[in-house]
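Below you'll find the structure, written out as structure tokens, and then a few comments.
Both backbone and side-chain heavy atoms feed into the values below; hydrogens, waters and symmetry mates do not.
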2 protein chains.
Amino acid sequence: MKHFSEISPMAERIIDAAQGLIQQQGYNGFSYDDVAKIVGIKKPSIHHHFAKKEDLVCVLVQRYTHQFRGELLSIEGQHASPMDRLAAYAAVFEQTFNRDKRLCVCGMLGAESDSLPESAADEVALFFKLNLDWLSRMIGDAQTAGLIKSNCAAESLAQAYLSALEGAMVLGRGMRTVQGPADIAQTFLSTVSA
Amino acid sequence: MKHFSEISPMAERIIDAAQGLIQQQGYNGFSYDDVAKIVGIKKPSIHHHFAKKEDLVCVLVQRYTHQFRGELLSIEGQHASPMDRLAAYAAVFEQTFNRDKRLCVCGMLGAESDSLPESAADEVALFFKLNLDWLSRMIGDAQTAGLIKSNCAAESLAQAYLSALEGAMVLGRGMRTVQGPADIAQTFLSTVSA
DNA sequence: GTCTATATCTTGATAGAC
DNA sequence: GTCTATCAAGATATAGAC
């Protein structure tokens with residue numbers, strides 16, 4: 001299977017389309033024909049770029065995780081304070097959600113994990129680990145700086161924070177009018193502040 | 001469409017099977033044939049009890065919400081302290097999750113909301129509203145009693161709490177080894193404690 | 001790289017016998 | 001209430017022409 005860094009422009013467009021569909025309908029809710037209609041080529045042409053649905057989703061999640069790595073790096077470059085970084089992190093989710101209430105790709109796929117090809121489920125797990133590690137580091141820094149209370153382990157707070165963000169998107173989607181992830185993040189951060 | 005309170009034993013078994021399938025695979029991930037194999041009758045017999053998939057899911061969510069209403073009542077009967085009630089609430093999610101990492105029915109369906117029949121999506125929204133209302137009341141009580149900090153609105157904390165619980169199940173499913181909703185709840189409750 | 005055509009399977013759903 | 005038989009539509013996927 002190809003690596004996402006060496007794929008053609010058309011393959012890129014296919015992943016773009018598939019990603020939007022996954023965020024709105026899930027893995028079991030979209031078909032190659034849906035993708036074909038969006039990018040404007042026929043179904044078998046999609047298969048030429050990604051032989052199996054499993055391949056498409058794997059590369060898609062790899063690219064998504066890679067983009068997230070970039071976001072995290074960008075946040076560290078733009079904000080010095082761990083609290084600002086944690087708020088900026090939530091803003092990434094908010095941006096996704098504000099686009100037609102799209103879910104986090106891995107939030108959706110994580111829920112569907114049991115009906116995912118194993119290779120795809122592995123990629124999803126990697127995404128979560130990457131994010132939890134980064135959040136733990138930021139929260140640890142904040143605790144060291146006395147900005148966040150130290151009565152809970154950084155890892156536990158990281159899990160609670162990411163869970164709340166992913167869950168906020170599910171609630172926001174499932175209800176009509178509800179606050180997005182950014183608002184839930186603000187609530188969370190103000191409760192853990194020292 | 002029938003009300004869940006007036007359905008036959010076989011219809012009950014069908015809903016049981018469908019609920020497990022939804023919690024593990026989602027709405028788009030299970031078929032009438034899957035249900036048929038579990039309950040031991042043929043696919044058209046399922047249609048006899050629930051003409052359309054939409055009917056089945058609607059009644060299923062109605063029953064689920066009703067059962068939850070019962071849980072809430074039971075919690076209020078068994079615990080006097082709002083903090084104990086909030087912890088007991090999380091235990092309900094933990095119990096669900098501990099059974100093969102099953103998701104909350106409405107957590108899964110909320111994520112899939114866009115590809116749900118509208119009537120089913122409405123029922124899911126009702127479930128969330130019921131839970132947020134109850135949680136807001138409990139958290140409000142806790143704030144009045146001085147057990148929870150009052151720097152955030154009870155409604156905001158309720159949303160954060162429910163989001164964290166739903167998200168914890170998604171993370172727990174998507175990763176291999178992660179804490180369940182009860183652990184995330186403990187973290188949350190200890191951060192908001194006054 | 002894209003297409004038409006096709007294979008094969010599964011899906012939700014119906015008709016009608018028992 | 002349950003069954004067999006069947007349908008039309010949609011799914012993933014492949015073969016082979018252009």
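Using a 4.0 Å cut-off between a side-chain N of Lys or Arg and a carboxylate O of Asp or Glu, B/Asp33 and B/Lys37 qualify as a salt bridge.
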| message | Output one letter per nucleotide in nucleotides 4-9 of chain D: B when a protein non-hydrogen atom lies under 4.0 Å from the base, S when only the sugar-phosphate is that close, - when neither is. | response | BB----

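The closest side-chain donor-acceptor pair between B/Asp122 and B/Ser119, if any, does not fall under 3.5 angstrom. With hydrogens and angles left out, the side-chain atoms of A/Arg63 and A/Gln19 include a donor and acceptor closer than 3.5 Å. Side-chain contact of A/Gln186 with A/Ser190: a donor-acceptor pair under 3.5 Å is absent, judged by distance alone. Defined by atom type and a distance below 3.5 Å, a donor-acceptor pair is present between the side-chain atoms of B/Asn131 and B/Tyr89.
One can place CG of A/Asn28 at 11 Å from P of C/dG12, the figure rounded to the nearest angstrom. Atom pair B/Phe30:CZ and C/dT10:P shows a separation of 17 Å (rounding to whole Å applied). One atom, CG of B/Asp33, and another, P of D/dG10, lie 20 Å apart when rounded to the nearest Å. Distance CD1 (A/Ile46) to P (D/dT14): 15 Å, rounded to an integer number of Å. At whole-Å resolution of the value, OH in A/Tyr32 and P in C/dG1 are 15 Å apart.
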| From CA spacing to verdict: side chain to side chain contact (heavy atoms under 4.5 Å, CB included), A/Cys106, A/Phe68 | CA-CA 11 Å; A/Cys106 292; A/Phe68 240 83; over 6 Å; no

| request: Could you check B/Asp133 against B/Lys129 for salt bridge (charged side-chain N to carboxylate O under 4.0 Å, His left out), going step by step and ending with a plain yes or no? | output: CA-CA 6 Å; B/Asp133 285 348; B/Lys129 183 168 177 4; 2.7 Å; yes

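For the segment residues 48-62 of chain A, the set of residues with a heavy atom within less than 4.0 Å of an atom of DNA chain C comprises A/His48, A/His49, in numerical order.
Taking the six-membered ring wherever Trp is involved, the centroid distance between the rings of B/Phe97 and B/Phe93 does not fall below 6.0 Å.
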